Amino acid sequence: MSKITLKVNQKSHSHDVEPRTLLAHYLREQLSLTGTHIGCDTSSCGSCTVHMDGMAVKSCTILAVQADGSEITTIEGLAPNGQLHAVQQGFKECHGLQCGFCTTGMIMAAADLLERNPDPSEEDIRHGLEGNFCRCTGYHNIVRSVQWAAKSMSELVN
Amino acid sequence: MSNKYIGQSVKRVEDKRFITGKGRYTDDIKLLGMTHASFVRSPYAHARVTSIDISAAESMPGVVAIFTGDDIKETGIVGVPTGWQVNFKNGDTMKEPPHPLLIATGSTAKHIGDPVAVVIAETYAQAVDAAEAVEVDWEDLEAVTDPFKATQEGATLVHDDSPGNLAFDWELGNPLDEVNAAIDASAHVTTLEFVNQRMVPNAIEPRSYIGHYDEVSDKYTLYTSTQNPHLIRLLMCAFVLGLPEHKVRVLGPDVGGGFGSKIFHYTEEALVTWASQQTKRPIKWTETRSEAFMLDAHGRDHVTKAEMGFDGEGNVKALRIKTYANLGAYLSTFGPAVPTYLHGTLLQGLYTTPKIHIDLCGVFTHTVAVDAYRGAGRPEATYLLERLMDLAALEMGKDPVELRKQNFIPAFDGVEQPGYQTQVALQYDSGNYHGVVDKAMKMLDYKKFREMQQEAAQNGKLLGVGFSTYIEACGIAPSAVVGSLGARAGLYESAQVRVQPTGKVSVYSGSHSHGQGHETTFAQIVADKFGIPMEDVDIVHGDSDAVAFGMGTYGSRSLAVGGSAIMKSIDKVLEKGAKIAAHKLECAADDLEFAEGKWTVKGTDKHIGFGDVALTAYVPHVYPEGLEPGLDFASFYDPANFTYPFGCHIAVVEVDKETGKVKLQRFIAVDDVGNVINPMIVDGQIHGGLAQGIGQALLEGAIYDDYGQLVNGSYMDYAMPRADDLPMFELDRQETPCPHNPLGVKGAGEAGTIGSTPAVVNAVIDALWSGGHKVKDIAMPLTGERVWRAMQSS
Amino acid sequence: MISYPFDYVRPESVEEALEHLGGDTKILAGGHSLLPTLKLRLSAPDKLVDIARIASLKKIKKDGDEIVIGGAVTHREIMDSEIIQKHLPVLSEGAAVIGDPMIRYKGTMGGSLAHADPSADWSAMVLAAGGEIVIQSKKGKRTVPATEFFTGFYSTALKDGDILIEIRFPVPEEGTKMTYQKFTQPASRFALVGCAAARLPDGSARVAFTGVADAPFRDKGVEEAVGDWSEATLEAAAQKAAEGQNINADHYASEEYRLHLAKVYCKRALLQLVN
Amino acid sequence: MDLAGSHILNTTPEVVWAMLMDTDILARIVPGITTLEKTAENEYKAVAQVKMGPVNGSFSGGLTMQDIREGEGYTLNVQQNSKIGNANATVTIDLKPVENNQTELTFDGEAKLSGLLARTGNRVMSGVANSLTKQFFENFEEEIEGKGGKG
């Protein structure tokens, strides 16, 4: 067992974990943050995407012990004050989700994308989401959702 | 009624929980005292269990129990059943070998991943660790994976009592000699021998189950990521475990995609339920993606020879087909129905072909079961027809669009004009096939495209356009019809509409949403019919205790069948409501009209609101004599016919001349799915369907080696479309109402998948011809290598 | 999916990390090569030594006439680094086609090179850029040219007890051009075939491949044949791609097609350096 | 998985044959083999420790020589089991004298893989085969040169 201390969605947590525990397992099992999903075992699908120290990462490919001392944001912490994040709002406005399973990871990846590139082209968005599988939407409305969010965020800034 | 919601792109009410991470999938659920299961599985496609030793595993930390196939055998549990029976041509009964929950000693595993034991432990990690410590001795046997080879002399048998590995053989259409004669008399015959490859559905949520037996109430609860909770309860109780149905509750919480793969009543569902009773602890099992690849029912997998005969003018005269359909090692719920009644019956397509015959073998192989995968049989039929059409056009030097249109069934609405009777058993409800093609061609700007194509060819670039038209049979299905075809269940749907005393409405639907947005679409209908705000409507589904009954969601049936059941209950509410209103307004019910949420005495402004009537129904102080209190109706709707959506899809591709790599540039889809309740949701269904169909054309396909190993059983190896593989889709719609259901809807869930695959393949072939490569066919998926090789060889 | 149990340590320095090595120990940097294999239980190390936070391994710097990338620098850091964009833009551009954005934030160049997947992107680029690998063990440091680093299938010059601490590149002379061209395997997004090429001011070439054979390699045959960089000589040079190599084959690409792709991507890479 | 290849060894067929029939030598030159014990005529128990990239596991099983053609070749059947999957290979080995007292060793066969090895290994399996082949012949040459080296 190793002791880890980390901040998840602005709250500090401290736990003993087996070193082999994945961050995704830790978030889901220990903290009951089940919005982070596990869809594969090869770091391919992106359903488990969370933000770690301001970067979108695949929490199924990070050990909880590696996250010791980090700040994590999960989908549950993306909208801290009940106000939806622009990307969340965009997914709702543009029907960017169907079954919802990939959605949380997709939103976390898209939020990171817009953080780095507030005015992405369609190609930027498609390239930026290549680490996230969706089997429901054909990505069409996901791209539109991210475009909607980009526009909404830029309007907010201007 | 009002039309405030119907026809509008109302934003989905279910989204809130999903975008905030509050969706509740089975794996998100934790029960007190819950344990975890991990399975010991066959590494071989065909091998006999010679011995199994659990002693080392039993003493591993955290182990609660270990069950083997021998334990199951002792209980007398035989295994999971199929939902359809398709008998042999000669009347012999379909071969239906047992599909055991666990393989017992002395028996054989029949595909990779077939389970022999299950380990139940306190934690997931402990279960996995202990499962690895179970020692199994195997006698590795020869395997067969190809459905054609499996039927040949000397092929190893999957089941000892299924000679030739046949589950059944089957035919449909006109007498074979008539079709033979028509082919022989044809001026031109186009022939294609091809494989419609095996697809892995790949719902992003892996299957997950929790079995929970409660000793105090002697009740079982199964949480399952399924498309049809009631069906699972029925099959598990009546056919597998022999449990009293009223003591079993099946819950399908949020389900992360199904695409057909979550129809099947899987062995693990029964096993965790049974084992929970043994251990008196809740048991969760969530599959890994590796397991999902091995175990979730696959789709397609046909080996086909098809011949289409034309007269000198290009009119289709005959169609003759021989198909070997791979069913896998065991029969899935819809397994026997997919290649037969969902495939053979669609071979008329949109054409007036006068003579059609299909001969089909349903074949066992050492592969995982094949079941309904998005489109289920209909994509295979469409692929066959639309590849033949395009190839015939190329061979005869005709325009592929004109050739299709020349052979189309003329428009008919199913009301003034009768439905169209096909040569393959179905009667189409309504259709206007030229309409969708003309729309799509306008979007393409065909003339301009051909000019661009020529110009590209001169610059050494290969551009291509591919067409596809399709028809599908959805809204499954009339129970009497499917019953006569071998279905072991009715395919109606149930719905209960409960008007609460305050006028709020709860709807209990037997349909199940795993992404389709039922909570929104159904609420739109109910709100409009009652003239109340959508917020006042709640849709409940996925709970066998709350919902009376249900057949679930597949085959694009939720709105056409489930929605119609809701309509029936709505009508009953309105009819009774009118009686109450009439009593209060002191008039006859016939004098009332219902609109905008109130009953009004015709020609006056005397009225009473929906809410007042609801309250009166529950507080019946002033009430019609002899009328029961309450406003709560359940209905069952059994459709009169299938529904028949259709459409036209066009793909534009560029082929890299040097590498064969295909880039999809444009995709146009004009679909006619009947009336549309929520255009946004319908478009979303089409988009997703397109991606799966395009995926089959260009990227996907399960590959079993000769030993039955799935060699691309991971996302590192199995290519599935990602965001940057696809363009924005160009969609339009035509609305030809379905004449036989109250909403006039036809179903949109599978259309995209059905139409898109041949359009893409046709486009690639067209691109190659534009560069002088007269290639007739390329096997799917059209990988760079396959396209490159096709160019090399022509 | 869960790996076998192991111990985990996170030393503060390379020296401390070296103390932990020995036995069946694996070094963990970003973990994006290692953890997927552990989850599949392909191996069962006793201990993981996490070097991702060792400050000295996190640096990208210009050191005289060399560019130095620390062993724990991530793909994304390389992509975003001004030093790299200025002096070795090929690495910055190449980083952008590795994996996906999330993988790029955590995966490291050092980890990728040490793992030596035969289809990894970095290997070809490092070879073509004339990189050298600096390895530290308790005995001291040694520098291995990339051409000698990749010794075979998943194997490198790294031995038990070694840590890959830096990758060093000569600052390219004025006028040097480099490119990386990749045919992406559509499932894994690794390179089905990747060709990195450099054109030096003296007219010589460095050409390297990944994905083609059991290990990445510099292709002398191609390099010697580029001649005057005319279209004709480049065409001929590309035809020599991967000559004498044992070409990989899998369900996605046969030996013949892979070799063909090597030639096509070689030509594309070389032409890129002309235009 | 196909296994095929050939190599010119710098010694006579007689020497090569003797080496191929000598289990001690075989144990040294076959990549990964840690022990090879005779269990019956032409049957051996074999344990291998395979350390190749991400894979580090122990395999155990049997090795049988069949169809022995004195001085010319034999068919080798190898069955190896492990937690990540099992391998069953049948390889026919042929020796042919070539100029300068050298020997051409040709092998041709197939390996049947199961479990994880089969399922997730396809992408790299030809690399594994090429690499094992290379190692085998390198070891063979070293053995011929009397170094007794091991891969």
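Quantities reported herein were computed from a predicted structural model and do not represent experimental measurements. Each chain gets a letter, A, B and so on, in the order its sequence line appears, and its residues count up from 1.
Both the backbone and the side chain of Phe729(B) have a heavy atom closer than 4.5 Å to some heavy atom of chain A. Looking at Leu78(A), neither its backbone nor its side chain comes within 4.5 Å of chain B, counting heavy atoms on both sides. With a threshold of 4.5 angstrom between heavy atoms, Thr42(A) approaches chain B through its backbone and through its side chain. Contact of Leu690(B) with chain A is not made at all, since no heavy-atom distance falls under 4.5 Å. Both the backbone and the side chain of Thr20(B) come within contact range of chain A, with heavy atoms under 4.5 Å apart. The contact between Phe259(B) and chain A is made entirely by side chain atoms (from C-beta outward), counting heavy-atom distances below 4.5 Å. With a 4.5 angstrom heavy-atom cutoff, Asp254(B) does not touch chain A via any of its atoms. Interface remark: Ile29(B) contributes no atoms to any contact with chain A (heavy atom separation under 4.5 Å). In this structure, chain B has a heavy atom under 4.5 Å from the side chain of Leu84(A), while its backbone stays farther away. When heavy atoms are compared at a cutoff of 4.5 Å, Gln685(B) approaches chain A by way of both its backbone and its side chain.
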| message | Using the rule given for side-chain contact (heavy atoms from CB on, under 4.5 Å), can you reason through Val255(B) versus Cys99(A), listing the C-alpha separation, both sets of side-chain angles and the distance that settles it, and then say yes or no? | response | CA-CA 7 Å; Val255(B) 171; Cys99(A) 81; over 6 Å; no
request  = Quick one: do Asp27(B) and Arg28(A) satisfy salt bridge (charged side-chain N to carboxylate O under 4.0 Å, His left out)? Show the steps, please.
outcome  = CA-CA 10 Å; Asp27(B) 192 50; Arg28(A) 289 177 54 79; 2.9 Å; yes
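When atom types are taken as modelled, the side chain of Glu205(B) and the backbone of Phe101(A) share no donor-acceptor pair closer than 3.5 angstrom.
Annotation: cation-pi geometry not satisfied between Arg722(B) and Tyr139(A) (NZ/CZ under 6.0 angstrom from ring centroid, within 45° of ring axis).
In terms of heavy-atom proximity, Pro721(B) sits nearest to Arg135(A) at CD-NH1, 4.0 Å. When all heavy atoms of Thr288(B) and Asp41(A) are compared, the pair lying nearest together is CB-OD2, 3.5 Å.
The choice from Gln89(A), His127(A), Glu93(A) that makes the most heavy-atom pairs within less than 4.5 Å of chain B is Glu93(A).
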